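I am attaching a structure below and will ask some questions about it afterwards.
No experiment lies behind these values; they were computed from the predicted model shown.
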Amino acid sequence: MSFDDSRLGRPFNTSTPFNPALGVDYSGTSARFYGGFMADNLNHLVPDAIQQMQVQNQGPNDMISFQVQQGTDPHSIHLSLFWDQTDFLTGNSPLYFDNTDSIDLHITNSDQAQVDATGRWLVRQGGVFYLSDATTTFVPSNGTYSISGASLNAAQWAVWNPLSTSPSGTDMDFLGKSPTFGSLALTDVTGVGFFIEHDAFRDAYNFSVDSFSVTAQQVPEAGTWAAGISLCVLAMGVGIRRLRRN
């Protein structure tokens, strides 16, 4: 009997939403999100590693949930979700972060087996995706994880381009490609999200998120700098809100 390694999941892409069809289960601004989820598994007889990729309809307890099949075959996973500028609550305008802003992620459960889930913050600027050197270790219980605008501006960033792989979006590895981190001025952010990597192989993974929010400033349109800055001082822009059925 022979065993094969395999890779299974939903390739990362920026054009097809990850959520259920808008207007069916979810609708409205911020309900749409994008991304990808891939599981690599070793010595697996049948390539059916992904058990769950879904938005669970539970009223106020709605969540986005991912799970790799329980079993004895070793897996690693890479997950990324992001929200596009066109779906920001503040409208179709890019963002920047001042020191009082933040990104907040609330999870209902992560990694039931053991604590080794590493999270990174994701931004898109100038059409390029970047992942932060600032990381968060998720624990297997409810919790909110945040990064301040000051920390975002002080962070180092590395280019991440899973779309360059063939087939496109199927290889979401980050650290394995020896990324180079450097400074990045977050002045024209057109996408925000998070990235999770489990590069250690083991039998099961679980991750569920029920809240992702961004507090940031809108980049003023050309020719309206004074009005734009005044508006941002008076009212902080909220880029993304909690996933919620309308």
Value rounded to 0.5 Å, distance of CG in L152 from CG in L184:
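It comes to 10.5 Å.
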Does any part of the side chain of Q156, heavy atoms only, come nearer than 4.5 Å to the side chain of S183, both counted from C-beta?
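They are in contact (side-chain heavy atoms under 4.5 Å apart), so the answer is yes.
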Cluster overlap F181 with V128, hydrophobic side-chain contacts below 4.5 Å
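Different clusters: F181 never reaches V128 through Ile, Leu, Val, Met, Phe, Trp or Tyr contacts under 4.5 Å.
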Side chain to side chain, T190 and Q125, heavy atoms closer than 4.5 Å
no
Rounded at 0.5 Å granularity, tell me how far CG in N161 sits from CE in M172.
12.0 Å
For S80 and G35, indicate whether the former's side chain and the latter's backbone hold a donor-acceptor pair under 3.5 Å.
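Here the side-chain-to-backbone pair does not exist.
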Does the side chain to side chain contact (heavy atoms under 4.5 Å, CB included) test come out yes or no for F212 and D104, once each step is laid out?
CA-CA 6 Å; F212 180 76; D104 302 282; over 6 Å; no
Side-chain contact, heavy-atom cut-off 4.5 Å: F88 with L95?
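Side-chain contact under 4.5 Å: yes.
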Between Y96 and D188, is there a side-chain heavy-atom distance shorter than 4.5 Å?
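Side-chain contact under 4.5 Å: no.
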Just verifying a value: how many Å separate F82 CZ and T14 OG1, rounded to the nearest 0.5 Å?
5.5 Å
Between the main-chain N or O of S168 and the side-chain N or O of T165, is there a donor-acceptor pair closer than 3.5 Å?
no
Hey, any chance V209 and M38 share a hydrophobic cluster, counting ILVMFWY side chains that come within less than 4.5 Å of each other, even indirectly?
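Not linked; separate clusters.
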Does the side chain of L81 reach to within under 4.5 Å of the side chain of I64, using non-hydrogen atoms?
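SC-SC contact between L81 and I64 confirmed.
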Step by step, work out the side chain to side chain contact (heavy atoms under 4.5 Å, CB included) result for Y145 and I107.
CA-CA 8 Å; Y145 301 86; I107 61 174; 3.5 Å; yes
Please confirm whether the backbone N or O of Y130 pairs with a side-chain atom of R120, one donor and one acceptor, at under 3.5 Å?
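Flag not set: sc R120 to bb Y130 has no pair under 3.5 Å.
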Side-chain contact test, heavy atoms from C-beta onward, threshold under 4.5 Å: evaluate it for T16 versus R10 and give yes or no.
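T16 reaches R10 side chain to side chain.
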N/O donor-acceptor pair under 3.5 Å between N153 side chain and G149 backbone
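Pair found, side chain donor or acceptor close to backbone of G149.
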Below 4.5 Å, heavy atoms only, C-beta onward: do L79 and F207 meet side chain to side chain?
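Result yes, sub-4.5 Å side-chain heavy-atom pair found.
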Just to verify, which of Y34, F12, F66, W83 counts as forming a ring-ring contact (aromatic ring centres under 6.0 Å, His included) with F18?
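Single ring-ring contact (aromatic ring centres under 6.0 Å, His included) partner of F18 among Y34, F12, F66, W83: F66.
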From L131 CG over to W160 CH2, what is the distance, rounded to the nearest 0.5 angstrom?
6.0 Å
What's the spacing between Q218 CD and S93 OG if we round to 0.5 Å?
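The CD atom of Q218 sits 4.5 Å away from the OG atom of S93.
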Are any side-chain N or O atoms of S132 and backbone N or O atoms of W121, one a donor and one an acceptor, separated by less than 3.5 Å?
yes
Would you call D171 and K177 a salt bridge, using N to O less than 4.0 angstrom?
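Salt bridge present between D171 and K177.
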So F194 and I196, do their side chains get closer than 4.5 Å, heavy atoms only?
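In contact.
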Grouping I, L, V, M, F, W and Y whenever their side-chain heavy atoms are under 4.5 Å apart, do F195 and L186 come out in a common cluster?
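Looking at the clustering, L186 is in a separate group from F195.
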Donor-acceptor check, side chain of R124 to backbone of F129, threshold 3.5 angstrom: yes or no?
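Absent.
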Between D84 (side chain only) and D87 (backbone N and O only), is there a donor and an acceptor less than 3.5 Å apart?
no
Looking at L122, I147, T215, which one forms a side-chain contact (heavy atoms from CB on, under 4.5 Å) with I103?
I147
Nearest-0.5 Å distance, OG of residue S15 to CG of residue L163
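Reported value, rounded in 0.5 Å steps: 8.5 Å.
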Within one Ile-Leu-Val-Met-Phe-Trp-Tyr cluster: F37 and F174, side-chain cutoff 4.5 Å
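No, separate clusters.
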